[in-house]
Amino acid sequence: MLDPRRLRNELPNMASQLARRGFTLDTERLSQLEAERKHIQVRTQELQTERNARSKGIGKAKAAGEDIAPQRAEVSRLGDQLREAESGLARIQAELDQILLEIPNIPHESVPVGKDESANAEMRRWGELPHFDFEPKDHVDLGADLGMLDFDTAAKISGSRFALISGPLATLHRALIQFMLNLHTGQHGYEEVYVPFLVNSASLRGTGQLPKFKADLFHVAEQDYYLIPTAEVPVTNIGRDHIFAAEELPRRFVCHTPCFRSEAGSYGKDTRGMIRQHQFEKVELVQLVKPENSYEALEALTSHAEKVLQLLGLPYRVVTLCTGDLGFSAAKTYDLEVWLPGQRRYREISSCSNFEDFQSRRMKARWRNPETGKPEPVHTLNGSGVAVGRALVAVMENYQDGKGRVRVPEALRPYVSDREVIG
RNA sequence: GGAGAGGUGGCUGAGUGGUCGAAAGCGGCGGUCUUGAAAACCGUUGAGGCGCGAGCCUCCGGGGGUUCGAAUCCCUCCCUCUCCGCCA
């Protein structure tokens, strides 16, 4: 959520900043509602002041043993006006809140302006693209040949966009998770957390998935729970409705969870293989930091995700998302794209974002600033470190040996009983 | 699933329908003392909103109600804890 005060005081400026990412702010509607709000709020407060004063007077009169019946009747009439004013104020406030919750974050000044992903800016590349003296297969064929990746049976059990992984390939999948968790806790200073996979709507509102993106979520209607689309939701909400002491920051969390996405609206997109699934595993990095440190933290967090790919020997590139490709809540995002020989292209495997105070304002995640003595919003960041399913795909495709087998990257061998090859 | 207890400020915890935004303690901050620190003592310290400002308003789990007036009474929902049952 944007700072409502800035939205009031610098409306044209806010509108032009939002226009950079292709969002049209209805400034006329907003300033009209705002004027109404102000008028009715002042009116309400005046009535409240009067009622409070008179009621106190009645209390005193009663204590002094006076007859209070006439005064009571008078103040009673005041109550009707007050009720009316209060409900009017509540209605306008609700309307304003609804609009406010659907306005996206303002892009950081360093974010390139552009309409879609074609305007994203490549920052750097790492690693050599593998050369094969055979026609490289994609992970679907590799998995089928190994007999360890089965989409048909998964479809029987559940439906489309699910996978059944078995045998040593399932072990390799698990090894990736352990490897990533150990790296981030051991080398990068993150605290491991285990969190609920079902969350309430307040948490999703906090990180920005609700109210606007309900269709992307799986909802358990009976109990009004949602399956998490990413660990970002439960982990960032650790700080919801909390005031951190200055010395408690930064908090750095790493968390492995399954992620559940309805993928509504992506029909026909990435239908082959396990690139886009309803359920996948991810190791997530989340940071809650002092505002002054958040851009430094974004660079660090991104480098932590990169380290995973470097140690696995997977070639990748880093891309800054342009304003039009930026997620709803993000002020700046780096995508890590890994090379997939089966597709002959780079595919997203991690997305690292600084949300500044957009999420923290929604969820009231604050810290006490010693300079002011006041609670102020923290800055929140997160990034995949990295997506496990896609990492498995990348390992399979980059480490295939042309004989239907997959070599195990050195870094993973300790996690698979020193096995060197699958198949 | 059954029975009971409870949700109050950064934390713990009092609170008879009427100066209760709320005692007390802890913590924080400032000061006295000290070479410095600790202890002790004194003072100070909730959050959000409106207003240039004096100031005003809201908030005692959420929502609704009763009343001139609600932390306090009523309804409802949520959550936590204890015991019993069931269970990975």
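All values reported here derive from a predicted model rather than from experimental measurement. Protein chains get the first letters and strands the later ones, always in sequence-line order, with residue 1 at the start of each.
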>> From CE of A:Met363 over to P of B:A47, roughly how many Å is that when rounded to an integer?
In response: 21 Å

>> With a 3.5 Å limit on both atom pairs, tell me what B:C60 is paired to, counting Watson-Crick and G-U wobble, or say none.
In response: none

> Roughly how far apart, to the nearest Å, are B:U8 and B:C81 at atom P?
Replying inline: 14 Å

> Which value, in whole Å, describes the distance between the P atoms of nucleotides B:G4 and B:U76?
Replying inline: 15 Å

> Counting any heavy atom closer than 4.0 Å, what does A:Gln48 reach on the DNA or RNA strands: base, sugar-phosphate only, or nothing?
Replying inline: sugar-phosphate

>> What's A:Pro370 touching, base or sugar-phosphate or nothing? Going by heavy atoms closer than 4.0 Å.
In response: nothing

>> Over all strands shown, is A:Lys38 touching base, sugar-phosphate only, or nothing at heavy-atom distances under 4.0 angstrom?
In response: sugar-phosphate

>> Under a 4.0 Å threshold between the charged nitrogen and the carboxylate oxygen, would A:Lys290 count as salt-bridged to A:Glu292?
In response: no

> In terms of side-chain geometry, is the basic nitrogen of A:Asp270 or A:Arg347 positioned less than 4.0 Å from the acidic oxygen of its partner?
Replying inline: yes

> Using a cut-off of less than 4.0 Å, is there contact between a side-chain N or O of A:Arg5 and OP1 or OP2 of B:G49?
Replying inline: yes

> OP1 or OP2 of B:G10 sitting under 4.0 Å from any side-chain N/O of A:Arg366?
Replying inline: no

> Which nucleotide, B:G49, B:G18, B:C68, lies nearest any side-chain atom of A:Lys62?
Replying inline: B:G18

> If you measure from CD on A:Glu46 to CZ on A:Arg51, what distance do you get to the nearest 0.5 Å?
Replying inline: 14.0 Å

>> For a quick test of reading the model: is some side-chain N or O of A:Lys364 closer than 4.0 Å to OP1 or OP2 of B:G48?
In response: no

> Roughly how many Å is it from CD1 in A:Ile243 to C1' in B:U45, rounded to a whole number?
Replying inline: 13 Å

>> Measuring only the P atom in each nucleotide, how far is B:C75 from B:A54? A whole number of Å is fine.
In response: 44 Å

>> Strictly by Watson-Crick or wobble contacts shorter than 3.5 Å, is anything paired with B:U66, and which nucleotide is it?
In response: none

> If you look at every strand shown and take non-hydrogen atoms under 4.0 Å, does A:Arg37 touch a base, only sugar-phosphate, or nothing?
Replying inline: sugar-phosphate

>> If you compare every side-chain N and O of A:Asn52 against the phosphate oxygens of B:U58 (OP1, OP2), does one of them come in below 4.0 Å?
In response: yes

> Roughly how far, to the nearest 0.5 Å, is NZ of A:Lys307 from CG of A:Leu183?
Replying inline: 8.0 Å

>> Side chain of A:Gln45 only, heavy atoms from C-beta on: which candidate in B:G10, B:C56, B:G18 is closest?
In response: B:C56

> If we take the C1' atom in both B:C29 and B:G10, what is their distance in whole Å?
Replying inline: 13 Å

>> For a quick test of reading the model: is some side-chain N or O of A:Arg51 closer than 4.0 Å to OP1 or OP2 of B:A70?
In response: no

>> Between the side chains of A:Glu50 and A:Arg54, is the shortest nitrogen-to-carboxylate-oxygen separation below 4.0 Å, so that they form an ion pair?
In response: yes

> Does B:G27 pair with anything, Watson-Crick or G-U wobble, both distances under 3.5 Å, and if so, with which nucleotide?
Replying inline: B:U45

> When you check the gap from the basic side-chain N to the acidic O, do A:Lys137 and A:Asp145 get nearer than 4.0 Å?
Replying inline: yes

>> Rounded to whole Å, please give me the gap between CD in A:Glu248 and P in B:G10.
In response: 14 Å

>> What contact category does A:Arg77 fall into here, base, sugar-phosphate, or nothing, at under 4.0 angstrom with non-hydrogen atoms?
In response: nothing

>> Taking B:C26 as the reference, what is the distance to B:G46 when you measure between their C1' atoms (whole Å, please)?
In response: 15 Å

>> Distance check, C1' atoms only: B:U80 and B:G62, in whole angstrom units.
In response: 15 Å

>> Can you check the distance between B:C57 and B:G65, where both ends of the measurement are the C1' atom (answer in whole Å)?
In response: 22 Å

